[in-house]
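Read the structure below first, then the notes.
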Amino acid sequence: MRFTSLASVSLFAGLALQPAAIAAKENLLASPVTMPALPSADEAAQAANAASLNISDIQGDILVGMRKKAEIFYFFQINNAQKFKQGLKILAANVTSTMQLLNVSTQPNTAINVAFSQTGLQALQIRDSLGDPIFSAGQFADANNLGDPGHINWVNAFKGTSIHGFFIFASNTVDPINAEVQTVEALFGNSITKKYSLPGAARPGNQLGHEHFGFADGISQPAINGFTTNPVAGQTFIDPGHILLGQKGDVTPRPAWATGGSFLVFRQLEQLVPEFLKFLTDNPIVEPGLTAEQGSALLGARMIGRWMSGAPVDLAPKFDDPVLGADASRNSNFTYAHPGEDILSNQTRCPFSAHTRKTRPRADFNPVDIEHHMFRSGLPYGPEVSDAEAAANKTQTERGLAFISYQSNIGQGFRFQQMSWANNPDFFFGKSDPTPGFDPIVGSNHGQPRFVSGLDPTNPNRDFTLLVDFVTSRGGEYFFSPPISALSTVLSS
C-alpha cells in the first residue's frame, strides 16, 4: 500500500485539517459536577513550564481522566512493521495532546491516542528496556496475580500476547469516531489487523459520570504537580513522575525518548448490575429509622464507600447527601479520621473494606501514602439495563467499565492496589478487626467466594459472604503510551 499524507484522506478529522477559526464547537470533554475542574490551557501551560513538563508532547488521555463522552478502544496486531511505521509517522502529527484537549478551540473533532504492548514494541524493533518487568511480561501472564480465575472469562483477543497496539478514539458521538476509524484503517491498510474493538460511552442524562451500578465515578484522582492548578480539598498532590516516565518522582532509569510517556493498564470489567441490585435488595441494613429501601441503599453505599450521588459515607454515614456529592470542592474533603473516634476500630461511618477506602486509605496511613497512585481514564461500555433484565434480576447483555489507568510503574500503581489492597482480606493492617475482607466491588479471589466485614454498622464484625463476583475481569493488556515526539521518530524510524 502507498501511504499518503492525511491531508489527502478526505475523511480525516485531525487538528491540522481544521480551519483556523471554528464557531461554537461543542467541548469534547464532559464536565460531571462531581469532578474537579481541569485547568485552563493557560494555567496548565504555566504550571507545566515551571515543572519542566511538555504537555504538548504528552498524549491527551493520560492527564485528562474520566471525562470522555464516547470512545472506541481499538486493538490491533502489526503485520508489516515497515509499512506500519510509514503510517505511524503520518498519524503522529494528528495524535491529540494534553494541551489540545484543554481548549475547545484547539480540540480535534475526534481525539486519537495510541499505545503499544511489549510485543508491539518488539514488532517495531524497539530493544530499549522501559524498566517495568510487569509491562514486559504482559497481562496474560499476570492474570493469576490479579485474582482472575485463570483466563476462562477473558475475551479471546486478550488471551496470549498477539495484541501489539491500541488506538483510543474519542468524540462527542459515535459517528465522527466511526469515520475516523475508517480513515485510520485506510491509512494503515494491511499493515495491521484489528483484533478487537470495544465502544464506550458516558451514561445518559443525570447518570453522566456514573458507572453502571449507578455510583458517581472518577471523583478522587490525585493532583499532579505541574498540571493541577486548582486542587480541591482532599486531593493528594503527587510528583508527575508517579504517572509519567522520566519526570520528577520517577526513580527508574528510562530511555530518553520515553520521557513523558506512561504505562497504560486496560481491563474490560463486566458488571453484573441486576445481580448487584438484587443483592442489595435482599440484604438491607436493618437499623431504626431506615426503610428496607433505605437499608439497601446504605448497604450499597458502604460497599462502595460513597453514595450514588458521590457523597462519601464518611461524611454522610446514614443517608445520601446529593448536594455534598455534587460539590467537587467538598466531596473529597475527608480522611476517615474524626475527633473522638478511634480510626483503628470505628466503622460506623465507613467500613475498612469499602472499595474507596481499600483503594485509597487516606489517613489510615500516617503519613498519607503517595507512592501507590494511578490516574484513571476509563468509560462505561454496554447498554443500560433493560426492563427484562431488571424484572429477571439477571444480566442478559454484557455491560461494564472499560478500565484504564496510567502510572509510571504498574507494580506500584494498578497492580499494587489490586493485589496488595483490594484482593488482600487482611488489609488495612492493624485494625481491631484483623481481617476486614476483600474489596466487595473489585476484590477478586480467583472466582471463589469472598468474605467482607464491616458492612453492617450495627454489627461491624458480621461477615457477608459474596458468592458472586459482581465485577468480572474479561481480560486486558498492559501498554505503553509514548510521548508524541517518539511516534514520529524512534517508533517510526
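Hydrogens, waters and symmetry mates are skipped; everything else that's a heavy atom, side chains included, is used. We count residues from 1, following the sequence as given.
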So, does [X] use its side chain to make a donor-acceptor pair with the main chain of [Y] at under 3.5 Å?
X: Lys83; Y: Gly189; value: no
X: Ser97; Y: Asp57; value: no
X: His210; Y: Ala216; value: yes
X: Ser488; Y: Ala92; value: no
X: Asp469; Y: Val471; value: no
X: Gln207; Y: Pro204; value: no
X: Thr183; Y: Ala179; value: yes
X: Asp148; Y: Gly150; value: no
X: Asn54; Y: Ser56; value: yes
X: Glu389; Y: Gln396; value: yes

Heavy-atom pair with the smallest gap, counting every atom of [X] and [Y]:
X: Ser262; Y: Leu245; value: CA-CD1, 3.9 Å
X: Ser353; Y: Pro440; value: O-CD, 3.0 Å
X: Asn103; Y: Ala41; value: CB-CB, 4.1 Å

Could you verify whether a donor N or O on one side chain and an acceptor N or O on the other, from [X] and [Y], lie under 3.5 Å apart?
X: Glu71; Y: Tyr381; answer: no
X: Thr193; Y: Asn79; answer: yes
X: Gln268; Y: Ser473; answer: no
X: Ser481; Y: Gln59; answer: yes
X: Thr98; Y: Gln100; answer: no
X: Asp369; Y: His372; answer: yes
X: Asn153; Y: Thr472; answer: no
X: Ser40; Y: Asp42; answer: no
X: Gln247; Y: Asp239; answer: no

Give the C-alpha distance, both sets of side-chain angles, the deciding distance and a yes or no for salt bridge (charged side-chain N to carboxylate O under 4.0 Å, His left out) between Arg67 and Asp61.
CA-CA 9 Å; Arg67 301 173 187 267; Asp61 194 51; over 6 Å; no
Test side chain to side chain contact (heavy atoms under 4.5 Å, CB included) on Ser332 and Ile219 and set out the steps.
CA-CA 8 Å; Ser332 282; Ile219 296 175; 3.6 Å; yes
Who passes salt bridge (Lys or Arg N to Asp or Glu O under 4.0 Å) against Asp142, sequence neighbours left out?
Arg415
For [X] and [Y], I'd like to know if the aromatic rings sit close, meaning centre-to-centre distance below 6.0 Å.
X: Phe414; Y: Tyr406; result: no
X: Phe167; Y: Phe73; result: no
X: Tyr196; Y: Phe158; result: yes
X: Phe479; Y: Phe266; result: no

Let me confirm one number: the [atom1]-[atom2] distance from [X] to [Y], rounded to the nearest 0.5 Å.
X: Thr359; Y: Phe427; atom1: OG1; atom2: CZ; value: 9.5 Å
X: Ser162; Y: Phe140; atom1: OG; atom2: CZ; value: 10.0 Å
X: Thr96; Y: Ile484; atom1: OG1; atom2: CD1; value: 7.5 Å

Candidate pair Phe438 and Asn445, rule side chain to side chain contact (heavy atoms under 4.5 Å, CB included), full reasoning:
CA-CA 8 Å; Phe438 291 83; Asn445 190 29; 3.6 Å; yes
Out of Gln417, Lys358, His355, which one pairs with Val442 under the side chain to side chain contact (heavy atoms under 4.5 Å, CB included) rule?
His355
Show every salt bridge (charged side-chain N to carboxylate O under 4.0 Å, His left out) that has at least one partner inside residues 194-212, sequence neighbours left out.
Arg203-Glu384
Do the charged groups of Asp217 and Arg376 touch, with an N to O distance under 4.0 Å?
yes
State plainly whether the residues Asp439 and Arg357 are in salt-bridge range, i.e. N to O under 4.0 Å.
no
Checking [X] now: which residues fulfil side chain to side chain donor-acceptor pair (under 3.5 Å) with it, not counting sequence neighbours?
X: Lys69; value: Glu26, Asn172
X: Lys159; value: Asn156
X: Ser220; value: Arg360, Arg362

Angle between ring planes, Trp154 versus His151, binned at 30° and 60°: parallel, tilted or perpendicular?
perpendicular
Classify the angle between the aromatic ring planes of Phe480 and Trp257 as parallel (below 30°), tilted (30 to 60°) or perpendicular (above 60°).
perpendicular
So, using ring pair (Phe, Tyr, Trp, His ring centres under 6.0 Å) as the criterion, who are the partners of Phe470 when residues are at least two apart?
Phe276, Phe279
Please evaluate residues Asn225 and Ile238 with respect to the criterion side chain to side chain contact (heavy atoms under 4.5 Å, CB included), reporting the C-alpha separation (whole Å), side-chain torsions for both, the decisive distance (0.1 Å), and the verdict.
CA-CA 6 Å; Asn225 287 313; Ile238 61 173; 5.9 Å; no
Let's go through Asp128 and Arg254 carefully: what are the C-alpha distance in whole Å and the side-chain angles of both, what is the deciding distance for salt bridge (charged side-chain N to carboxylate O under 4.0 Å, His left out) to 0.1 Å, and is it a yes or a no?
CA-CA 9 Å; Asp128 293 333; Arg254 317 286 191 179; over 6 Å; no
Is it the case that more than 12 heavy atoms not belonging to Lys89 sit under 6.0 Å from its NZ atom?
yes
Taking ring pair (Phe, Tyr, Trp, His ring centres under 6.0 Å) as the criterion, tell me which of Phe116, Phe263, Tyr478 meets it with Phe135.
Phe263
Can you list the steps and then say if Glu477 with Arg267 is a salt bridge (charged side-chain N to carboxylate O under 4.0 Å, His left out)?
CA-CA 7 Å; Glu477 183 55 287; Arg267 296 272 279 174; over 6 Å; no
